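These figures come from a predicted structure and were not determined experimentally.
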Amino acid sequence: MGQQVRELLNWARHRKLLASLLVTATLGVGILLGTIISDRVGATGQQGFGNGPAPLTVPNPVQLSSTFAAIAKRLEPAVVNINTTQVIEQRSRRGLPEGFEDLPFPFNRFFGLPDDGPTAERSLGSGVIVDPQGYVLTNKHVVDQATRIQVQILGDPNQYTAKIVGTDNETDLAVIKIETNRTLPTAQLGDSDAVQVGDWVLAFGSPFGLEATVTAGIVSAKDRSSVPGTQQFQRFIQTDAAINPGNSGGPLVNMAGEVIGINTAIMTSRFGRGFEGVGFALPSNTARYVYNEIIKHGRVMRGSIGVSFNETNSRNPITLKQLGAEYGMIIEDVVAGSPADKAGLKPGDVITHVNGRPVRTGSDLVDPITRTPIGEEVSITYVRDGRSHTVKMKVGDRGEIYPETTGREDSRSGRMGPAKFGLRVEELTPQLAEQRGLNMPGGVIVTQVEPASFAEDVGFFRGDVIVEMQKQPVRSLADFQRITAAIQPGDEVLFKVLRRTQNRVLTVYLSGRVPTSD
């Protein structure tokens with residue numbers, strides 16, 4: 001019994017010793033952790049509060065700045081300043097009754113006042129060289145109706161006279177060409193579809209005539225189509241890079257140094273005129289297509305089936321439901337004699353597919369048709385009275401279906417003659433005479449005068465009507481072509497021209513010696 005008691009006491013003593021060791025070890029670990037944590041807290045407190053805030057330091061230079069400089073150095077030689085001159089008729093204000101001096105020009109005709117004669121109106125814009133032979137992309141409104149176009153290249157003291165290769169009213173783009181004795185620097189057009197909102201961009205141009213100006217910003221939005229005063233085929237890149245009058249036609253460039261847009265428009269407040277943070281550039285992919293069409297055909301040949309629609313109205317779910325379609329573009333008008341008219345389409349039909357692809361936006365309908373070669377077929381699926389129908393039709397020439405929207409100088413109808421003496425003329429039909437307010441029996445009307453040409457030198461203006469050449473009557477385009485074919489370089493030539501002013505028609509004789517190199 002005693003032996004058992006002794007063993008029990010020994011076991012208790014060992015257990016007590018083991019427990020003491022465990023308690024001591026636990027306390028040691030706790031003290032060590034507490035010291036470490038205390039030191040860390042103390043260090044943090046000392047850094048944040050003990051000796052005040054940490055000093056501000058100068059960071060390493062941001063490499064983006066040098067990127068801007070490198071792009072500007074590379075692109076500026078390819079960006080040109082465009083100076084245009086337009087001759088306009090000016091009516092005198094001399095002799096107006098007191099209080100009428102500031103009235104608009106139309107009021108002058110009631111007082112039978114004479115003309116002051118033609119005056120020159122000048123404007124400035126920009127452009128970008130895209131071919132080393134001197135082909136320049138710019139805006140149509142920069143060179144529109146200009147009688148002389150002069151181009152200035154950075155670092156080159158010469159002024160180059162440019163001629164218009166072609167223009168496109170639908171996108172407000174133009175291609176002009178200058179002649180030089182050297183290979184010119186060019187800019188490369190990039191892929192505007194790859195542009196993302198937030199990307200850095202640079203805008204080049206000559207705002208207010210200040211050449212070689214570069215501004216920086218970001219892409220604010222893409223695919224803007226609701227810009228006041230723009231056309232159907234203008235869908236813009238929006239940017240906050242400063243764009244001002246004079247920037248029109250200049251390039252918008254990404255950080256790879258590629259042109260991803262042509263600066264075209266700005267949006268200002270009611271009384272503003274300059275930059276307010278909202279500028280628009282036509283995407284480079286659109287500009288590339290227009291450029292290629294112009295240098296190939298002289299104009300942009302777009303396909304059309306002859307239907308009109310309103311994209312906003314076509315997105316109304318109640319209207320679509322009532323017409324029996326889930327989505328699509330609702331036809332509001334069908335041009336008589338157009339491919340759509342011949343295929344039986346009517347207002348109220350909902351076009352849901354083009355070539356089997358769904359039409360959910362206006363671009364889904366327009367783009368595949370405009371890019372289809374004229375004369376080739378497209379498949380159109382539409383819904384009428386809740387039933388789906390599919391028809392095939394040949395794509396027509398938009399310029400012939402909608403001549404009023406393409407601009408007369410862009411349309412090359414059968415009545416348009418080739419350039420001769422620097423003149424482009426069109427037969428003066430009764431319909432055209434009525435549109436122009438002319439009461440004339442026939443002749444050919446001048447639609448374009450090429451800068452620095454024989455026609456400009458002898459004094460032709462756009463809108464002049466040629467009724468005689470070499471004392472022979474000109475009643476049609478055929479007469480004009482027959483007479484001009486007999487005229488050789490070095491010959492003297494006489495034109496009888498009817499020129500309309502604001503209240504009367506003048507008979508003007510123009511003459512000169514045809515240069516040996518036309």
Side-chain contact test, heavy atoms from C-beta onward, threshold under 4.5 Å: evaluate it for I330 versus N310 and give yes or no. no

Does a side-chain heavy-atom distance below 4.5 Å link I262 with T286? no

Salt-bridge present (D168, R302; N to O < 4.0 Å): yes

If you take all heavy atoms of S192 and P283, which pair is closest and at what distance? OG-CB, 3.4 Å

I'd like to know whether F460 forms a side chain to side chain contact (heavy atoms under 4.5 Å, CB included) with Q448, so could you lay out the CA-CA distance, the side-chain angles of the two residues, the decisive distance to 0.1 Å, and finally the verdict. CA-CA 9 Å; F460 271 104; Q448 183 178 331; over 6 Å; no

Measure the OG-CD distance between S363 and E311 for me, rounded to the nearest 0.5 Å. 6.5 Å

So, do V383 and L323 sit near enough that their side-chain heavy atoms are less than 4.5 Å apart? no

With a 3.5 Å distance limit and no angle check, can you tell me whether T447 reaches the backbone of R424 through a side-chain donor-acceptor pair? yes

Are side-chain heavy atoms of E426 and L477 found at a separation under 4.5 Å? no

Evaluate the side-chain proximity of V334 to K346: yes if any heavy-atom separation is below 4.5 Å, no if none is. no

Return yes if some donor-acceptor pair links the side-chain N/O of N139 with the main-chain N/O of D172 below 3.5 Å, else return no. yes

Pair T85, T147: side-chain N/O donor-acceptor within cut-off below 3.5 Å: no

At their closest point, which heavy atom of T138 faces which heavy atom of S248, and how far apart are they? OG1-O, 4.3 Å

Check whether any side-chain N or O of T372 sits under 3.5 Å from a backbone N or O of E377 as a donor-acceptor pair, and report yes or no. no

For the residue pair S206 / N81, report whether a side-chain donor-acceptor contact shorter than 3.5 Å exists. yes

Salt bridge R482-D479, side-chain N to carboxylate O under 4.0 Å: yes

Are any of the side-chain heavy atoms of V214 and F204 separated by less than 4.5 Å? yes

Between E326 and L320, does a side chain to side chain contact (heavy atoms under 4.5 Å, CB included) hold up when you go through it step by step? CA-CA 6 Å; E326 295 182 7; L320 289 171; over 6 Å; no

Non-hydrogen side-chain atoms of V467 and V474 separated by less than 4.5 Å: no

Heavy-atom side-chain contact between N254 and D199 under 4.5 Å: no

Is the closest basic N to carboxylate O distance between R357 and D367 below 4.0 Å? no

So, the side chain of T239 versus the backbone of I218: is there a donor-acceptor pair under 3.5 Å, distance only? yes

If we ignore angles and hydrogens, is there a donor and acceptor under 3.5 Å between the side chains of N285 and D193? yes

Using modelled atom types only, decide if a donor and an acceptor are shared between the side chain of K177 and the backbone of V165 within a distance under 3.5 Å. no

Aromatic ring pairing F421/F454, orientation class (parallel under 30°, perpendicular over 60°, tilted between): perpendicular

Do D464 and R499 sit within salt-bridge range, that is, some charged N less than 4.0 Å from a carboxylate O? yes

Is it the case that atom NZ in K222 sees more than 12 heavy atoms from other parts of the structure closer than 6.0 Å? yes

Between A325 and V350, what is the shortest heavy-atom contact and its length? CB-CG1, 3.9 Å

R475 atom CZ: more than 12 heavy-atom contacts under 6.0 Å: no

Determine the minimum heavy-atom distance between V395 and G303, stating which atoms define it. CG1-CA, 3.2 Å

